[in-house]
**Q** 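The following block contains the structure, expressed as structure tokens.
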Amino acid sequence: MKLFHALAVLIIAWCAVIGRSQAVTLEVRAGDSTCIKAELSASFSIPYNTSSSTRTAQFSLPDSATADTGSSSCGTDSSSPWLVAVFGPGHALGLSFSTNGSLYNVANLTLQYNLSDTSVFPGADSSDVVTVVSSSVGIWATVNTTYRCESPTTFRVGGSTVTFSGARLEAYMPQNELSPTESVCMADQASTTAPPTTASTTTTPAPAPTPPGTPERGTYSVNNRNGTVCLLARMGLQLNVSYFSLSQNKTVQELVNLSPNETSVSGSCEASSASLVLTQEQITTLNLTFTLNSTSNKYRLSAITLLANWSDMRGPFQASNTSLDYLRSTLGRSYMCNAEQTLAVVPTFSLNTFRVQVQPFEVTTNQFATAEECQIDQTQMLIPIIVGAALAGLVLIVLIAYLIGRKRSHAGYQTI
Ligand SMILES: *[C@@H]1O[C@H](CO)[C@@H](O)[C@H](O)[C@H]1NC(C)=O
Ligand SMILES: *[C@@H]1O[C@H](CO)[C@@H](O)[C@H](O)[C@H]1NC(C)=O
Ligand SMILES: *[C@@H]1O[C@H](CO)[C@@H](O)[C@H](O)[C@H]1NC(C)=O
Ligand SMILES: *[C@@H]1O[C@H](CO)[C@@H](O)[C@H](O)[C@H]1NC(C)=O
Ligand SMILES: *[C@@H]1O[C@H](CO)[C@@H](O)[C@H](O)[C@H]1NC(C)=O
Ligand SMILES: *[C@@H]1O[C@H](CO)[C@@H](O)[C@H](O)[C@H]1NC(C)=O
Ligand SMILES: *[C@@H]1O[C@H](CO)[C@@H](O)[C@H](O)[C@H]1NC(C)=O
Ligand SMILES: *[C@@H]1O[C@H](CO)[C@@H](O)[C@H](O)[C@H]1NC(C)=O
Ligand SMILES: *[C@@H]1O[C@H](CO)[C@@H](O)[C@H](O)[C@H]1NC(C)=O
Ligand SMILES: *[C@@H]1O[C@H](CO)[C@@H](O)[C@H](O)[C@H]1NC(C)=O
Ligand SMILES: *[C@@H]1O[C@H](CO)[C@@H](O)[C@H](O)[C@H]1NC(C)=O
Ligand SMILES: *[C@@H]1O[C@H](CO)[C@@H](O)[C@H](O)[C@H]1NC(C)=O
């Protein structure tokens with residue numbers, strides 16, 4: 001056990017060393033002017049198959065990565081700006097940008113990896129060059145400002161993930177250097193210190209909020225345009241938000257329960273996506289979006305957005321992650337989980353769920369279809385069965401031992 005512990009610590013330490021990546025600077029130019037510049041560290045986690053199993057390759061964007069002049073571009077009327085960083089034998093990371101004039105964003109991430117590279121993918125059963133593309137990743141900034149995000153942020157690209165940290169980047173650049181004005185990502189905002197406030201009111205620090213206990217279970221439903229119920233949910237929800245508290249003059253971690261009686265419900269149902277929007281007292285809005293994969297007939301909770309404008313906040317708090325994979329189940333079934341679950345959304349916001357049953361697609365006659373129970377519940381149900389079986393086994397052994405003992409002593413008497 002001790003050896004195992006030491007080994008685990010060693011492996012974690014080793015991963016930390018390997019995983020720590022250097023910031024790489026990448027630049028795309030057209031003529032003399034720079035249109036995209038990015039300084040960032042990136043690490044990758046890519047599952048691949050060997051002849052006998054599935055492994056995950058973990059590596060970082062090396063210092064030697066460069067912007068590929070052939071495929072990168074500043075964009076034309078018909079194509080969008082694209083930064084393509086190439087490294088190693090045929091690996092690449094692409095960031096495609098788009099803008100609406102006032103904001104720009106990373107429209108998608110492209111990851112290309114060469115399974116023939118045995119130093120990264122030892123034992124791969126294929127030698128293909130694989131390309132995967134993400135959907136929108138939620139990197140937004142105001143035009144003429146630099147996007148900055150020190151916090152590690154993970155994006156799903158196909159089955160793989162890319163984690164950026166210490167990122168500073170800009171597209172549609174007005175000059176050749178990163179703009180001095182920054183658009184700071186949400187994840188960083190909670191941890192930065194307060195700007196010098198001019199308010200000099202001496203507020204007594206609010207007492208630390210008492211934990212709110214288990215949230216009440218609410219029943220929520222969304223109707224489609226026909227007025228029939230298309231999404232059903234029954235669950236208790238608790239927000240775990242870290243934000244800068246004005247009254248306490250520091251970042252606080254607060255747990256807030258959604259009270260079903262104070263929550264209004266809206267949402268929408270489309271063929272392959274359905275949203276449940278819960279609004280509590282007009283100051284907290286939680287948007288849960290489910291996506292259906294019509295190839296596999298599986299659905300999942302793919303996006304969570306929280307908007308909170310609490311009185312003690314410096315400004316409205318907004319957090320969003322659109323590449324999630326929670327509450328997975330099969331079309332025609334509902335998802336159920338009685339155990340408490342924590343759904344991590346961004347570093348400053350997670351959602352705790354209690355006694356969930358949800359069905360975002362194919363609801364008929366206002367009722368939940370047969371439930372698919374989560375793994376934790378199944379394991380928890382197994383425990384009493386295993387304990388029971390073990391007890392039964394023990395009783396049996398004692399009984400047999402007793403019977404044998406009785407027979408022996410019986411035989412003993414006869415020989416005398
Ligand atoms: C690994 O192989 C299995 C079975 O052939 C396949 O379903 C899965 O998609 C493969 N995974 C990867 C990462 O290629
Ligand atoms: C993939 O890697 C192999 C071995 O390192 C190399 O021969 C091949 O050219 C690479 N493919 C691409 C597209 O770069
Ligand atoms: C760009 O998009 C943002 C967010 O969707 C919106 O607030 C803004 O008005 C848009 N600007 C223009 C010029 O369309
Ligand atoms: C990535 O986004 C750009 C800009 O919106 C778009 O032109 C391109 O087609 C997208 N690529 C993929 C593979 O979706
Ligand atoms: C960005 O800066 C350029 C050059 O300084 C200017 O022409 C343009 O109007 C600015 N755009 C916005 C949206 O502020
Ligand atoms: C509305 O009802 C009609 C007939 O019952 C159905 O064909 C149609 O798909 C429904 N529309 C929606 C948005 O569910
Ligand atoms: C709330 O989030 C923080 C930071 O992620 C974590 O340390 C804490 O355990 C969470 N609390 C609950 C009750 O989930
Ligand atoms: C808030 O805290 C900072 C340092 O922690 C201190 O410099 C500042 O004066 C405090 N502001 C108020 C209004 O108490
Ligand atoms: C909602 O219920 C909670 C307790 O369950 C209660 O304290 C609160 O007053 C109720 N609010 C409304 C608006 O009914
Ligand atoms: C909820 O989120 C989904 C996906 O991010 C979005 O399409 C939808 O418009 C959002 N709904 C509201 C009311 O904000
Ligand atoms: C849908 O599921 C199939 C099979 O599991 C998978 O190959 C495909 O990538 C999924 N599509 C999306 C959009 O996630
Ligand atoms: C947030 O709340 C404040 C005060 O209640 C209000 O003035 C402000 O307009 C709200 N902001 C948003 C985005 O709702």
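Start at 1 and go down the list; that is how both ligands and their atoms are numbered. As a basis for the values below, the full set of heavy atoms in this structure was taken, side chains included, without hydrogen atoms, waters or symmetry mates.
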**Q** Quick one: do the N352 and T342 side chains pair a donor with an acceptor below 3.5 Å?
**A** yes
**Q** Side chains of Y243 and T251, heavy atoms from C-beta outward: is any pair under 4.5 Å?
**A** no
**Q** Is it the case that ligand 5 has an N or O less than 3.5 angstrom from some N or O of N144?
**A** yes
**Q** For atom 3 (C) of ligand 1, what is the closest protein heavy atom, and at what distance to 0.1 Å?
**A** N49 ND2, 3.6 Å
**Q** Using a 4.5 Å cut-off on heavy atoms from C-beta on, say whether the side chain of L301 contacts that of Y335.
**A** no
**Q** Are any of the heavy atoms in P47 under 4.0 Å away from ligand 1?
**A** yes
**Q** In the protein, what heavy atom is nearest to atom 6 (C) of ligand 10, and what distance, to one decimal place, separates them?
**A** N287 ND2, 4.2 Å
**Q** Check for me whether V277 has a heavy atom closer than 4.0 Å to any atom of ligand 10.
**A** yes
**Q** Are the side chains of M336 and F368 in touch, meaning some heavy atoms are under 4.5 Å apart?
**A** no
**Q** Return a yes/no value: protein heavy atom under 4.0 Å from atom 9 (O) of ligand 1?
**A** no
**Q** Using ring centroids (six-membered ring only for Trp), state whether Y48 and Y113 fall under 6.0 Å.
**A** no
**Q** Go through ligand 5 atom by atom and flag the ones less than 4.0 Å from a non-hydrogen atom of G101.
**A** 13 (C)
**Q** Distance under 4.0 Å to a non-hydrogen atom of P174: what atoms of ligand 5 satisfy this?
**A** 2 (O), 4 (C)
**Q** Give me the residue, atom name and distance of the protein heavy atom closest to atom 7 (O) of ligand 10.
**A** S275 OG, 4.9 Å
**Q** When only distance counts, is T289 in polar contact with ligand 10, meaning an N/O pair under 3.5 Å?
**A** yes
**Q** Taking D128 for its side chain and V130 for its backbone only, find out whether a donor-acceptor pair lies under 3.5 Å.
**A** no
**Q** Please check atom 13 (C) of ligand 1 for a protein heavy-atom neighbour under 4.0 Å.
**A** yes
**Q** Does the separation of the ring centres of F164 and F155 fall below 6.0 angstrom?
**A** yes
**Q** Atom CG of N321 and atom OG of S302: how far apart are they, to the nearest 0.5 Å?
**A** 9.5 Å
